[in-house]
Every structure is written in C-alpha cells, then in structure tokens.
Amino acid sequence: MIDTLAARLDEAAVSHTAVAQFGADAGLDVTTAYAVQEALVARRLDRGEALVGLKLGLTSRAKMTQMGVDEVIWGRLTDAMHVPDGGTVDLSGRIHPKVEPEVAFLVEGGEIAAIAPAIELIDSRYVDFRFTLPEVIADNTSASGFVVGPWRPVPDGVDNLGVLLEVDGRVAQVGSTAAILGDPRRALPAAARLAGELRDGWVLLAGAATAAVPLRPGAHVRVTVEQLGTASLRASA
Ligand code: 0L1
Ligand code: MG
C-alpha cells in the first residue's frame, strides 16, 4: 500500500495533474503517511535529486487549529526544489502553487549557523488543495519549491520580526515571525526530534509567518523579513 500511494502522488507531481484524496478506505495513519513520504521522496532521489534539507509545516497556531492538530509536521527538500533568489518558477511544472513567507536556517554541527528570509512554494498534489493530516504528510507536506535570500548571522531576538509578502509590488500578507512556533528558532529542536537527523549544510525551512497566497502566471513575489532582508521569485507567464 505504501508504494502504491507513493506512486500515485509521484505520478501527480510528474504529470502536473491532481489526484483524488485517498479517502478513509486507504486507512492511512500518521506513521504510515511518513513511510509513504519517504517512498515518495526516494523516487525523486532515484531520478538523481539530492536531499538538501527539511521543512516544517503547520507551525502556526492558526494552521494547527484549522487541521485540528497540536503537532507540527515535516517534509523533505531536494535540490530540484531550489529556486535561486530572484529566479523564475516554471508554472508548467506545477498544479496549483501557492507561496508563503518563511524563515530559513542553515544547519552546521546540529546548530543554527545562519538565517535568511525565504519563500516556500507549496503545491498540493490533491484536487482542490484538500487533504487530511495523514494525506498531506504523505504528500511531503505539499513541498514544491523554495527560495532562500542572503544568509546572515542570527541577530539577537528573531521571535517577533515583521514579515511582508508582496505580489507585483502590492502588499498581500503582513505577519510576524512570532507566528512560527512562537519563535522560529524552535524549528531546530522540533526538526531534530521529528526527523531524527539534520545534516551539515542542510537548509531548514522553519514555517510560514502568514497564510499562503496563490502564485499566478507572471507574478513577482517578494518577501521581506525585518532585519533579515528580502527573497524574491517570478512565476513564468
Ligand atoms: O508548509 C506548510 O505549512 C504546508 C503544510 C501543508 C499544508 C498546506 O499545504 O497548506
Ligand atoms: Mg511552509
């Protein structure tokens, strides 16, 4: 069952065609869902992609309440998901992408070595972006892409930095890093506990500071995090 579900999600991503939710008959629980995620990402690694980090999801109280859970979830990042800062995201390779403003950490020796403003691109492989908690875990927590702005040393106190998400120069979302686990630095112990490993040089996406917004063709997206700077991307036409 694990391989069958992983194959279905992989096919959806590769063909850019959403799949129906698995439904109660699949009997997916959280433990099995992480096994599906591992099998799903293994297919990407078999095609030559490399693991470059981890992401946390459902890190805000609002998203946890929405999903009826009290624990964050995690997913895997590969090099093929990386979009250079200021680069273009090819929308023909996506289903119904959204962007959300995040904070990224660079991990060295099990510690946070640097911090950067970031954009996560999420793109559920399920129809209408609808899923249960196990279903979204199996789908690698909707991970599809990420942009990391310039790295810098972690300033004192990153627990309440202003965050701005602009689309085509207009403010789309305003928030605070406080929405990320109360303090985004909590992402490190959470990721170590949940994923069991954090390799040197890995990127850790700590979570979203605001709700996600749909990524439309041709849109220019810029995220600004107070004291950290900006990260940006453009969507293909
Ligand atoms: O990164 C995230 O917080 C997304 C987690 C999965 C839920 C979603 O796709 O909105
Ligand atoms: Mg996210």
Side-chain angles (χ1 to χ4, degrees), residues 5 9 12-13 16 18-22 28 30 33-34 36-37 40-41 52-78 81-83 89 94-105 115-149 161 163-165 172-173 175-188 190-191 194-195 202-215 221 223 225 228 231 233:
L5 298 185
L9 289 166
H16 329 134
V19 286
Q21 288 180 250
F22 300 143
L28 198 61
V30 165
Y34 277 113
V36 174
Q37 180 192 124
L40 173 65
V41 175
V52 295
L54 303 177
K55 60 160 282 188
L56 295 185
L58 309 184
T59 44
S60 69
R61 191 42 62 192
K63 272 204 186 186
M64 280 188 201
T65 306
Q66 192 187 330
M67 294 294 293
V69 296
D70 56 9
E71 175 64 295
V72 299
I73 58 177
W74 66 279
R76 295 159 163 98
L77 303 175
T78 74
M81 298 177 190
H82 179 244
V83 178
V89 172
R94 262 85 189 185
I95 303 170
H96 37 206
K98 299 180 185 180
V99 285
E100 52 189 25
E102 301 224 2
V103 165
F105 293 118
I115 189 169
I119 304 173
E120 187 183 13
L121 190 67
I122 54 175
D123 190 19
S124 175
R125 268 55 68 164
Y126 300 107
V127 171
D128 294 339
F129 235 104
R130 293 173 67 86
F131 38 71
T132 62
L133 183 74
E135 285 170 340
V136 72
I137 291 169
D139 186 25
N140 198 20
T141 64
S142 306
S144 180
F146 65 100
V147 177
V148 177
L161 303 177
V163 176
L164 198 61
L165 173 67
Q173 293 284 334
S176 161
T177 55
I180 308 168
L181 297 170
D183 183 334
R185 286 171 296 192
R186 294 197 176 117
L188 188 81
L194 293 166
W202 270 10
V203 171
L204 173 60
L205 287 185
T210 73
V213 304
L215 182 60
V221 176
V223 164
V225 182
L228 304 187
L233 64 80

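Order of appearance sets the numbers: ligands from 1, and atoms from 1 within every ligand.
Looking at heavy atoms from C-beta onward, V52 lies out of side-chain contact with H82 at the 4.5 angstrom threshold. The side-chain heavy atoms of F22 and P134, taken from C-beta on, include no pair separated by under 4.5 Å. Counting heavy atoms from C-beta on, the side chains of S124 and H96 come closer than 4.5 Å.
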For ligand 1, list every N/O pair with the protein closer than 3.5 Å, one pair per line with the distance.
{"from": "ligand 1", "atom 1": "1 (O)", "to": "K55", "atom 2": "NZ", "distance (Å)": "2.8"}
{"from": "ligand 1", "atom 1": "1 (O)", "to": "E100", "atom 2": "OE2", "distance (Å)": "3.0"}
{"from": "ligand 1", "atom 1": "1 (O)", "to": "E120", "atom 2": "OE1", "distance (Å)": "3.0"}
{"from": "ligand 1", "atom 1": "3 (O)", "to": "L58", "atom 2": "N", "distance (Å)": "3.2"}
{"from": "ligand 1", "atom 1": "3 (O)", "to": "K63", "atom 2": "NZ", "distance (Å)": "3.3"}
{"from": "ligand 1", "atom 1": "9 (O)", "to": "S142", "atom 2": "OG", "distance (Å)": "2.7"}
{"from": "ligand 1", "atom 1": "10 (O)", "to": "K63", "atom 2": "NZ", "distance (Å)": "3.4"}

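Across every non-hydrogen atom of Y126 and A138, the tightest pair is OH-CB, 4.2 Å.
For E102, the N, O or S atom closest to the Mg ion (ligand 2) goes by the atom name OE2. Of all N, O or S atoms in E100, the one lying closest to the Mg ion (ligand 2) is OE2. No other N/O/S atom of E120 lies as close to the Mg ion (ligand 2) as OE1 does.
Residues R94 and D123 are not paired through a salt bridge, judged by the lack of any N-O separation under 4.0 Å between the basic side chain and the carboxylate.
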Q: Give the C-alpha distance, both sets of side-chain angles, the deciding distance and a yes or no for side chain to side chain contact (heavy atoms under 4.5 Å, CB included) between N140 and R76.
A: CA-CA 7 Å; N140 198 20; R76 295 159 163 98; 4.0 Å; yes

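The aromatic rings of Y34 and W74 lie parallel to each other, their planes meeting at an angle below 30°, with 60° marking the opposite boundary.
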